[in-house]
Novice: 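Pasting a structure below so you can have a look.
Quick caveat, the model's predicted, so the values are computed rather than measured. These values consider heavy atoms only, across backbone and side chains, with no hydrogens, waters or symmetry-generated copies. The chain is numbered in sequence order, starting from 1.
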Amino acid sequence: MSELVIRNEVTNDYREVEELTREAFWNLHNPGCDEHYLVHTIRNHQDYIPELDFVAELDGKLVGNIIYTKAKLVDENGKEKNILSFGPLSVLPGYQRKGIGKALLNTSFEKAIELGYDSIVIFGHPGNYISRGFISCKKCNICVGDNYYPTAMLVKQLKPDVFDGRKWVYHESPAYEINEKDAKEFDRLFEPKKKEYRTSQEEFYIYSHSSIN
């Protein structure tokens, strides 16, 4: 592989990043996808962190992107802790499993620490993130709602011993709320693609609707 360049996204990258995100997620989790619309809307949200919006460039072509938002944890006493979340993390089909996602993650982790953050919470496939140091939310005593520990909710501690055993409730940024009608309208701005069923969609359903007791 030629030399991979990881750099911050700039305005001129926007459309290409949306296109590569669409290619990366099309029919993966559901027939079609909304992730390219999500990238588009996150950039205009108050929780967006431009310093943590990175692209991967190979021979002048954008092949990957990671985008972050602010999030928070709240303990039993109402004390808030500012943390991070990211997603989507996109790599073009044909360039996956070549270390591009890892490079985007590592660069963003270093920058996150520089910005003063010590932890990240995401929803993702455990198989994609455990090797990057993510662990189950249950091990950090982080839940959503009333004692619900989603299987797909994973935690990355950027510094040692970030959590002290207190119970935390995770609050995702409203940036991840999708208006389905607007998402469909946005997708019409792109070349038509066929929506189909894939077995990965059932796997996504299982992970996103299960919890750890």
Side-chain angles (χ1 to χ4, degrees), residues 6 9-45 47-50 52-58 61-69 71 84-105 108 120-130 132 134 144 150-154 172-210:
I6 305 294
E9 184 185 37
V10 296
T11 305
N12 288 342
D13 298 325
Y14 284 4
R15 178 66 180 196
E16 191 172 353
V17 165
E18 291 159 6
E19 289 176 346
L20 79 85
T21 301
R22 187 174 185 251
E23 290 297 321
F25 283 94
W26 194 258
N27 291 331
L28 181 64
H29 294 155
N30 298 285
C33 74
D34 295 329
E35 280 80 1
H36 53 312
Y37 173 71
L38 188 57
V39 168
H40 177 75
T41 57
I42 284 176
R43 298 193 194 104
N44 298 309
H45 196 276
D47 290 336
Y48 168 61
I49 307 173
L52 291 172
D53 180 359
F54 290 99
V55 295
E57 189 175 45
L58 196 62
K61 178 180 181 179
L62 298 186
V63 296
N65 171 249
I66 190 169
I67 190 166
Y68 277 76
T69 69
L84 295 170
S85 187
F86 67 73
L89 167 59
S90 309
V91 178
L92 268 178
Y95 293 87
Q96 296 173 4
R97 306 300 176 186
K98 298 180 183 296
I100 295 171
K102 177 181 177 181
L104 285 165
L105 286 170
S108 65
I120 302 168
V121 174
I122 64 166
F123 287 90
H125 192 304
N128 292 336
Y129 293 104
I130 290 174
R132 304 274 69 82
F134 284 83
V144 294
T151 303
M153 192 163 81
L154 308 172
E172 185 178 64
S173 169
Y176 287 101
E177 296 174 2
I178 290 182
N179 182 304
E180 297 295 338
K181 180 180 178 181
D182 290 345
K184 289 179 180 178
E185 288 297 321
F186 182 72
D187 188 62
R188 291 194 178 100
L189 301 176
F190 296 78
E191 182 179 347
K193 289 174 65 69
K194 186 178 181 181
K195 295 182 179 182
E196 296 180 330
Y197 172 77
R198 297 284 187 272
T199 55
S200 59
Q201 296 167 19
E202 185 63 24
E203 184 177 25
F204 174 75
Y205 181 88
I206 291 169
Y207 275 117
S208 61
H209 289 79
S210 63

Novice: Quick check: does any side chain N or O of Asp13 sit under 3.5 Å from a backbone N or O of Val10, one acting as donor and the other as acceptor?
Specialist: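 Yes.
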Novice: When rounded to the nearest 0.5 angstrom, what distance separates CZ in Arg132 from CD1 in Ile120?
Specialist: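 Nearest 0.5 Å value for the CZ-CD1 distance: 12.5 Å.
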Novice: Side chains of Glu185 and Asn179, heavy atoms from C-beta outward: is any pair under 4.5 Å?
Specialist: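 In short, these two side chains do not touch, never coming nearer than 4.5 Å.
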Novice: If you count the non-hydrogen atoms of other residues, nucleotides and ligands that lie under 6.0 Å from OH in Tyr14, is the total more than 12?
Specialist: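 Atom OH in Tyr14 is crowded, with more than 12 foreign heavy atoms closer than 6.0 Å.
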Novice: Quick one: sort the His125 and Tyr207 rings into parallel, tilted or perpendicular, breaks at 30° and 60°.
Specialist: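 Geometry flag for Tyr207 against His125: tilted rings.
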Novice: What is the minimum heavy-atom distance between Leu154 and Gly124, and which atoms define it?
Specialist: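 Closest pair (atom of Leu154, atom of Gly124, distance): CD1-O, 3.8 Å.
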Novice: For the pair Glu9 (side chain) and Asn65 (backbone), establish whether a donor and an acceptor sit closer than 3.5 Å, ignoring hydrogens and angles.
Specialist: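 Here the side-chain-to-backbone pair does not exist.
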Novice: Any side-chain heavy-atom pair from Phe86 and Leu104 closer than 4.5 angstrom?
Specialist: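 Result no, sub-4.5 Å side-chain heavy-atom pair not found.
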Novice: Tyr176 side chain to Gly87 main-chain N or O, any donor-acceptor pair under 3.5 Å?
Specialist: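 Flag set: sc Tyr176 to bb Gly87 pair under 3.5 Å.
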Novice: If we only count heavy atoms from C-beta on, is the Val17 to Arg43 side-chain gap below 4.5 Å?
Specialist: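 The answer is yes; the side chains approach within 4.5 Å.
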Novice: List the steps, then state whether side-chain contact (heavy atoms from CB on, under 4.5 Å) holds for Val63 with Lys98.
Specialist: CA-CA 11 Å; Val63 296; Lys98 298 180 183 296; over 6 Å; no
Novice: Any sub-3.5 Å donor-acceptor pair from Thr21's side-chain atoms to Glu35's backbone N or O?
Specialist: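 Not at all, since once roles are kept as given, no pair shorter than 3.5 Å links the two residues.
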Novice: Got Ile66 and Leu105 here, is their nearest side-chain heavy-atom distance under 4.5 Å?
Specialist: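 Ile66 vs Leu105: side chains touch.
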Novice: What's the verdict on salt bridge (Lys or Arg N to Asp or Glu O under 4.0 Å) for Glu191 and Lys193, showing C-alpha distance, side-chain angles and the deciding distance?
Specialist: CA-CA 6 Å; Glu191 182 179 347; Lys193 289 174 65 69; over 6 Å; no
Novice: Any carboxylate oxygen within less than 4.0 angstrom of a Lys/Arg side-chain nitrogen, looking at Glu18 and Arg22?
Specialist: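 Here Glu18 does not pair with Arg22 in a salt bridge, since their nearest N and O are not under 4.0 Å apart.
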Novice: Is there side-chain contact between Phe134 and Asn128, with at least one heavy-atom pair below 4.5 Å?
Specialist: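 They are not in side-chain contact.
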Novice: Would you find a donor on one side and an acceptor on the other, under 3.5 Å apart, between the side chain of Gln201 and the backbone of Asn27?
Specialist: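 Flag set: sc Gln201 to bb Asn27 pair under 3.5 Å.
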Novice: Can you say whether the rings of His36 and Phe190 are parallel (under 30°), tilted (30 to 60°) or perpendicular (over 60°)?
Specialist: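 Ring orientation of His36 relative to Phe190: perpendicular.
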Novice: Hey, is the main chain of Thr69 close enough, under 3.5 Å, to the side chain of Asp47 for a donor-acceptor pair?
Specialist: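 Checked: no pair found.
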Novice: What closest approach, in Å, do Ile100 and Tyr95 show between heavy atoms, and which atom pair accounts for it?
Specialist: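 Where Ile100 meets Tyr95 most closely, the heavy atoms are CD1-O, 3.5 Å.
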Novice: Are any of the side-chain heavy atoms of Cys33 and Leu28 separated by less than 4.5 Å?
Specialist: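 No. Closest side-chain heavy atoms not under 4.5 Å.
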Novice: Can you tell me how far CZ of Arg15 sits from CG of Leu62, rounded to the nearest 0.5 angstrom?
Specialist: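 Output value for this atom pair is 13.5 Å.
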Novice: Side chains of Lys195 and Trp26: does their closest heavy-atom pair fall under 4.5 Å?
Specialist: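 Yes, close enough: below the 4.5 Å cut-off.
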Novice: So do the side chains of Glu172 and Val121 get within less than 4.5 Å of each other, counting heavy atoms only?
Specialist: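 No; the side chains remain at least 4.5 Å from each other.
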